[in-house]
Amino acid sequence: MSATCCHEGSVDARSYLFVPGDRPDRFEKAWASGADVVILDLEDAVLPEAKGRARDAVAQWLSVERPVYVRVNGMEAGGFQEDINAVAKPGLIGIVLPKAEDPQQIDEVVRRIPTDARVLPILETAMGVWKALEVAAAPGVERLAFGSIDLQLDTGISGDGEELLYARSRMVLASRVARILPPLDGVTTALDDADRLTAEVDRARRLGFGGKLCIHPRQVDPVNQGFSPTPADIDWARHVLEAVESLESGVSQLEGVMVDRPVIERARRIVARATA
């Protein structure tokens with residue numbers, strides 16, 4: 001899988017790595033980390049007194065040779081207008097919009113950025129999750145991202161497992177209905193717990209997510225691996241396609257298991273991703 005391709009954003013992008021906008025010394029390292037997408041962050045990762053400095057650093061670093069996303073400050077927070085004005089230039093793949101809750105917010109961003117740039121809304125409030133389909137269907141939206149930590153704060157939910165299952169499933173279904181890319185799961189805050197990261201990636205993949213937000217370069221490889229077909233997946237898929245290649249019926253059996261059109265299509269998708 002081409003790192004350059006994924007840096008530019010695609011259906012194969014799995015890992016989205018945040019980098020604090022006031023740490024330009026880390027920009028190049030993030031670009032070389034193996035992350036499919038780099039997000040230069042002007043919001044949560046930057047203290048209020050450093051916002052202006054971060055904005056200038058991000059604007060200066062943007063280049064068509066190293067395209068990135070930028071997370072701006074939310075519309076209800078100070079700095080949104082200044083952020084958009086500073087980064088709406090070549091090298092911007094898209095805007096990561098925090099606290100997204102309404103299609104009108106998306107329209108406002110789209111009007112201010114280059115025509116080929118995209119919007120990646122973060123759903124992190126009760127209203128945002130409730131309006132997931134409306135936001136997902138707004139013109140210019142590439143995919144949704146889950147702000148699980150902020151949603152817990154907004155709703156009083158305690159826990160990131162089954163407690164947030166409804167919100168995650170709502171985002172997956174909304175993305176499919178709107179015909180956009182599968183959503184991105186929220187961050188794993190435990191930087192030194194590899195088992196937890198692996199478990200959370202596996203959960204997200206099984207629920208239908210297509211990737212995950214990362215907050216440290218060492219999370220990138222496990223996320224990329226977790227959202228890629230395993231050798232066993234690829235072997236199974238190829239076995240299915242070989243077995244049904246000469247069949248005339250739409251339904252058959254393979255080793256005692258029914259193989260019908262959805263199973264065949266799943267096998268085709270796995271092989272396509274493995275060879276992309």
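Environment of CD in Gln104: sparse, with no more than 12 heavy atoms of neighbouring residues, nucleotides or ligands closer than 6.0 Å. Atom NZ of Lys89 has more than 12 heavy atoms from other residues, nucleotides or ligands within 6.0 Å.
For the pair Pro217 and Leu17, the minimum side-chain heavy-atom distance is below 4.5 Å. Leu191 has its side chain within reach of Ile215: a pair of non-hydrogen atoms, C-beta onward, lies under 4.5 Å apart. Between Arg143 and Leu184, some side-chain heavy-atom pair lies under the 4.5 Å cut-off. Between Val109 and Ile113, the closest side-chain pair of non-hydrogen atoms falls below 4.5 Å. With a 4.5 Å cut-off on side-chain heavy atoms, Pro139 and Ile106 do not count as touching.
Only one option out of Leu173, Leu144, Leu207 pairs with Pro183 in a side-chain contact (heavy atoms from CB on, under 4.5 Å); it is Leu144. Paired with Arg55 under the rule side-chain hydrogen bond (donor to acceptor under 3.5 Å, both in side chains), one option of Asp22, Asp83, Asn73 passes, and it is Asp83.
A salt bridge between Asp160 and Arg196 is absent, with no side-chain N of the basic residue lying under 4.0 Å from a carboxylate O of the acidic one. Salt bridge present: Arg218 and Asp192 bring a charged side-chain N and a carboxylate O closer than 4.0 Å. The pair Glu82-Lys51 does not meet the salt-bridge criterion, since no charged nitrogen lies less than 4.0 angstrom from a carboxylate oxygen. A salt bridge links Asp202 to Arg205: one of the charged nitrogens lies within less than 4.0 Å of a carboxylate oxygen.
Within the structure, salt bridge (Lys or Arg N to Asp or Glu O under 4.0 Å) pairs that include any residue of residues 169-184 do not occur (at least two apart or interchain).
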### Task
Go through Tyr16 and Arg71 one step at a time and tell me if the side chain to side chain donor-acceptor pair (under 3.5 Å) criterion holds.
CA-CA 11 Å; Tyr16 287 62; Arg71 177 163 69 169; over 6 Å; no

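For Arg112, the side-chain contact (heavy atoms from CB on, under 4.5 Å) partners are Gln81, Ile84, Asn85, Glu108, not counting sequence neighbours. Under the side-chain contact (heavy atoms from CB on, under 4.5 Å) criterion, Ser15 pairs with Ala35, Asp36, Cys214, Val220, Val223, Asn224, sequence neighbours left out.
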